[in-house]
Peer 1: 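Here it is, the structure, as structure tokens.
Everything quoted here is computed from the prediction, not taken from an experiment.
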Amino acid sequence: MSETAPASDDRGTATHCPYCALQCGMWLRRDTSGAVTVRPRDFPTNRGGLCQKGWSAADLLTSERRLTTPLVRRTPDGPLVEAGWEEALARVAQGIGDIQRRAGKDAVAVFGGGGLTNEKAYLLGKFARAVLGTSNIDYNGRFCMSSAAAAGLRAFGLDRGMPFPLADVGRAEALLLVGANPAETMPPFAQYLEAQRAAGGSLVVVDPRRTPTTERATLHLRPSPGTDLALANGLFHIAVAEGLTDERYAADRTLGFSEVRKKVAEYWPERVERITGVAVGDQYRAVRLLAGARRAIVLTARGAEQHSNGTDTVSAFINLALALGLPGTPGSGYACLTGQGNGQGGREHGQKADQLPGYRRIDDAAAREHIAEVWGMSADALPGPGRSAYELLDSLGTQEGPKSLLIFGSNPAVSAPNARRVVERLRSLELLVVSDLVLSETAELADVVLPTAQWAEEDGTMTNLEGRVLRRRRVQDPPDGVRTDLEVLADLSGRLGHPAGFSAEPEEVFEELRRASRGGPADYSGITYERIEAHDGVFWPCPDTGAGATDRPAEDGEDGDGTPRMFLGAFAHADGRARFVPVDHRPAAEEPDETYPLYFTTGRITQHYQSGAQTRRIPALTAQVPEPFVEIHPDLATRHGITAGDRVRVVSRRGTAEAAARITSSVPPDTLFMPFHWGGKGRANSVVGDALDPVSRMPEFKVCAVRLERLS
């Protein structure tokens, strides 16, 4: 049980960390001088722990690099200069009106972020569709969780990244962790791995690199980049050959088992070893550890997803979990580790190009009628599906693409794949508007920059990696001259002819979100601010079926109410059965050759987060890792005459990135690793390709072909 967390008492204000989807609980205390201090809170996900980012989160509240006044570019080639809110918003409204009158509704696009609160994500989607009437809205979560979401939808009929509480991870007898490094990227998560090991459990980690997480592993499988799908099919093959599949579970709770069993017959261990580099003996050991456990969990993350076959790769691991009878079984299951703070909630309430609030499909007639009624408009007036995130960014300024873009809570000039191309498209726009709390690399390109409130300066809700809806509470007002995103959207809506239906009050927006989500797959209708506070979080789905109807005693380490464990009785397909999906390995879109002989992959490090727009402005974090680096295997470094600290250049077909060399055997001899938290010459995403998964439209961040050069 977590400690009771009233909104505020002598310990401070109970809230949550502004970074990853673990959403660690913390207390914030503001003293008489205005300084804010952080203390960890005993919340179920972090159990009193915080990482370096969490401990230093309050430093950004007083950063000298904070934006406190709007900025406008008064001439096309002129600098950004300070302006008043009236000038800035009038410029935005007039620009939108002029462009749409000339080029149509879809000529204005919206791009959101996975760090926005549920209220902001919801209102942003409503603003795009009900005010702008544009189909062109998507968000940066398309770059993070979309392949797992797509795979979960087709397997289970519903996507909630983790369909059980995080506490179950610590109690599992066996874990298969694929493409994740939580010991470094969300350190408080590591205590669950420690608890699992202390109880005698086994941990199998799939990762080409050696990381702080793999160092905790019972077994580390190191496939070549881009070959995870073949490995998953091979593990399934062994489970069949060894008689370790759960035939009764497959017959009673699934469809398609025999078809996938035939498919994986093609993935015998020796063939899988040739494709992946994972030894036959290690394949057998991994399957036996999983199948021999009474409680086993398969977890995937970005390393499995960010590929041009990411959806199929995740499906392959879901197939393995289904073959072993794990999903929907108490204490066992499959889950995706969500990365961004509100990556789960952000995709549930209307930021994605193909979705409406409540995780409804935008092309579903009944869904359109329901949302149109809540919004007080005709269903026919709702636009249809738009472009996915990268396709949207790549179309900017083209003859058929948007001429204007409004960005809330994202920095695609650093975070998007083929980033040089994306910056060119951003520069080509007639009007680029960015709402942010700092002058990010994307904001530097804007025509109008709107200074926004940050995490501890506004109220709202977030949905963490477990599907637990939380309260983020305000501890202080924003600085003078700074507005919230809700205030900005409400003001712009009025200027564009929609003065009603756009409240700037978070709780009022949440009440409308409840109505909009009612009856949808992600049903929040039974969740209220008061209920969240009473239970320190509520798991969706939580239909409004009467006061207390879904409340039940909390289990150890769980807390909250709603639906903490999904699929125990049935899956979300109409017939209640999960689906096996046959999938085949196919190579990455770009493999090494004579000109570009190396693999290149990217990821996060402990001290920084996402594009680094926040963490690179916190001295305590930048002092530890002030600049990017390239991890290079000692053998490869020797061949290139490179020593530790040398400046090197990574070159792909799209661009280059420069950084200091870090010599380490953590990476394979044919692979380079680089964190993606920096812009400028050290921007890793200048190198990354833009091949897209055909189902999720997620870019292939995790593998491309490069060459390495030593700089004099």
Side-chain angles (χ1 to χ4, degrees), residues 2-43 45-69 115-117 119-120 186-188 341-342 409 435-440 451-462 464 470-487 506-507 529 532-533 536-537 606-610 612-624:
S2 64
E3 59 186 315
T4 303
S8 184
D9 64 14
D10 58 2
R11 292 169 291 187
T13 299
T15 189
H16 296 269
C17 179
Y19 295 116
C20 80
L22 206 57
Q23 285 295 286
C24 295
M26 58 172 56
W27 296 101
L28 294 183
R29 178 188 290 277
R30 189 168 185 264
D31 64 24
T32 54
S33 71
V36 178
T37 55
V38 173
R39 284 181 52 211
R41 184 160 67 88
D42 186 15
F43 185 71
T45 58
N46 61 308
R47 293 173 170 172
L50 288 177
C51 73
Q52 298 171 47
K53 294 187 293 292
W55 278 109
S56 61
D59 293 1
L60 197 61
L61 297 171
T62 55
S63 172
E64 296 179 355
R65 301 171 74 181
R66 178 79 184 277
L67 290 175
T68 56
T69 187
L116 300 180
T117 63
E119 292 79 0
K120 291 193 283 188
M186 45 176 68
N342 201 30
S435 178
D436 210 331
L437 58 100
V438 295
L439 193 64
S440 68
T452 188
Q454 57 175 303
W455 64 294
E457 298 166 351
E458 58 185 352
D459 289 314
T461 62
M462 306 284 281
N464 78 345
L470 315 166
R471 280 290 309 278
R472 178 178 284 182
R473 297 182 177 90
R474 182 176 62 187
V475 70
Q476 64 183 35
D477 293 330
D480 291 340
V482 172
R483 299 186 183 181
T484 69
D485 286 329
L486 294 184
E487 290 172 335
E507 190 167 6
Y529 275 28
I532 295 171
E533 188 158 325
D536 212 359
T606 300
Q607 293 79 11
H608 292 289
Y609 180 69
Q610 301 302 86
Q614 296 164 279
T615 53
R616 284 187 279 117
R617 289 165 172 83
I618 295 179
L621 299 177
T622 55
Q624 294 185 56

Peer 1: Please give me the minimum heavy-atom distance between W55 and P40, naming the atom from each residue.
Peer 2: CH2-CD, 3.2 Å
Peer 1: Once side-chain hydrogen bond (donor to acceptor under 3.5 Å, both in side chains) is applied, do any residues pair with R471, and if so which ones, sequence neighbours excluded?
Peer 2: none
Peer 1: Any sub-3.5 Å donor-acceptor pair from K120's side-chain atoms to L486's backbone N or O?
Peer 2: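 Answer holds: no.
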Peer 1: Is the shortest side-chain heavy-atom distance between D485 and L116 below 4.5 Å?
Peer 2: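 Result yes, sub-4.5 Å side-chain heavy-atom pair found.
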Peer 1: Roughly how far, to the nearest 0.5 Å, is the SG atom of C17 from the CG atom of L470?
Peer 2: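 Output value for this atom pair is 12.0 Å.
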Peer 1: With a 4.5 Å limit on heavy-atom distance, are the side chains of R472 and E458 in contact?
Peer 2: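 Counting from C-beta outward, R472 and E458 never come under 4.5 Å.
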Peer 1: Between the side chain of E119 and the main-chain N/O of T461, is any donor-acceptor distance below 3.5 Å?
Peer 2: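 Side chain of E119 to backbone of T461, a donor-acceptor pair under 3.5 Å: yes, one is there.
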Peer 1: Could you grab the distance from atom CD of Q52 to atom CD of Q607, nearest 0.5 Å is fine?
Peer 2: 4.5 Å
Peer 1: Measuring only between side-chain heavy atoms, which start at C-beta, is V438 closer than 4.5 Å to S63?
Peer 2: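 No, too far: nothing below the 4.5 Å cut-off.
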Peer 1: Evaluate V482 against L67 for side-chain contact (heavy atoms from CB on, under 4.5 Å), listing each step before the verdict.
Peer 2: CA-CA 8 Å; V482 172; L67 290 175; over 6 Å; no
Peer 1: Looking at every heavy atom in both A58 and W455, which two are closest together, and how far apart are they?
Peer 2: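 Closest pair (atom of A58, atom of W455, distance): N-CZ2, 4.0 Å.
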Peer 1: Please confirm whether the backbone N or O of C20 pairs with a side-chain atom of Q23, one donor and one acceptor, at under 3.5 Å?
Peer 2: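 A pair under 3.5 Å: yes.
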Peer 1: Do the charged groups of R473 and E533 touch, with an N to O distance under 4.0 Å?
Peer 2: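 Looking at E533 together with R473, the answer is yes, because their closest N to O distance falls below 4.0 Å.
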Peer 1: Considering all heavy atoms of both residues, which atom of A613 and which atom of S440 are nearest to each other, and what is their separation?
Peer 2: CB-CB, 4.4 Å
Peer 1: Please name the pair of heavy atoms, one in C24 and one in L50, separated by the smallest distance, quoted to 0.1 Å.
Peer 2: CB-CD2, 3.7 Å
Peer 1: Does G481 offer a backbone N or O that forms a donor-acceptor pair with the side chain of T69 under 3.5 Å?
Peer 2: no
Peer 1: What is the minimum heavy-atom distance between A57 and Y19, and which atoms define it?
Peer 2: CB-CE1, 4.2 Å
Peer 1: In a check of side-chain contact (heavy atoms from CB on, under 4.5 Å) between Q476 and each of L61, T13, L28, which one passes?
Peer 2: L61
Peer 1: Would you call T37 and D31 a side-chain contact if the rule is heavy atoms closer than 4.5 Å?
Peer 2: no
Peer 1: With sequence neighbours left out, write down each residue that passes salt bridge (charged side-chain N to carboxylate O under 4.0 Å, His left out) with R617, or none if nothing qualifies.
Peer 2: none
Peer 1: Could you state the interatomic distance from CZ (R30) to OG1 (T32), rounded to the nearest 0.5 Å?
Peer 2: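 It is 9.5 Å, given to the nearest 0.5 Å.
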Peer 1: What heavy-atom pair brings V38 and G54 nearest, and what distance separates the two atoms?
Peer 2: CG1-O, 3.8 Å
Peer 1: Under a 3.5 Å distance rule, please check whether T615 uses its side chain to pair with a backbone N or O of Y609 as donor and acceptor.
Peer 2: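 Side chain of T615 to backbone of Y609: a pair is present.
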Peer 1: Would you say the side chain of K53 lies within less than 4.5 Å of the side chain of P18, judging by non-hydrogen atoms?
Peer 2: no
Peer 1: Could you tell me whether the side chain of M462 reaches within less than 4.5 Å of the side chain of T117, counting heavy atoms only?
Peer 2: yes
Peer 1: Between D536 and R41, is there a side-chain heavy-atom distance shorter than 4.5 Å?
Peer 2: yes
Peer 1: Say you draw a straight line from NE2 of H608 to CG of L621; how long is it, rounded to the nearest 0.5 Å?
Peer 2: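 Between H608 NE2 and L621 CG, I get 6.0 Å after rounding to 0.5 Å.
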Peer 1: Just by modelled atom types, is the S435 backbone N or O under 3.5 Å from a matching donor or acceptor in the T452 side chain?
Peer 2: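 Judged by distance alone, no pair lies under 3.5 Å.
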Peer 1: Between N46 and G25 (side chain of the first, backbone of the second, donor and acceptor by atom type, cut-off under 3.5 Å), is there such a pair?
Peer 2: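 Between the backbone of G25 and the side chain of N46 there is a qualifying donor-acceptor contact (under 3.5 Å).
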Peer 1: Quick check: does any side chain N or O of Q454 sit under 3.5 Å from a backbone N or O of L60, one acting as donor and the other as acceptor?
Peer 2: yes
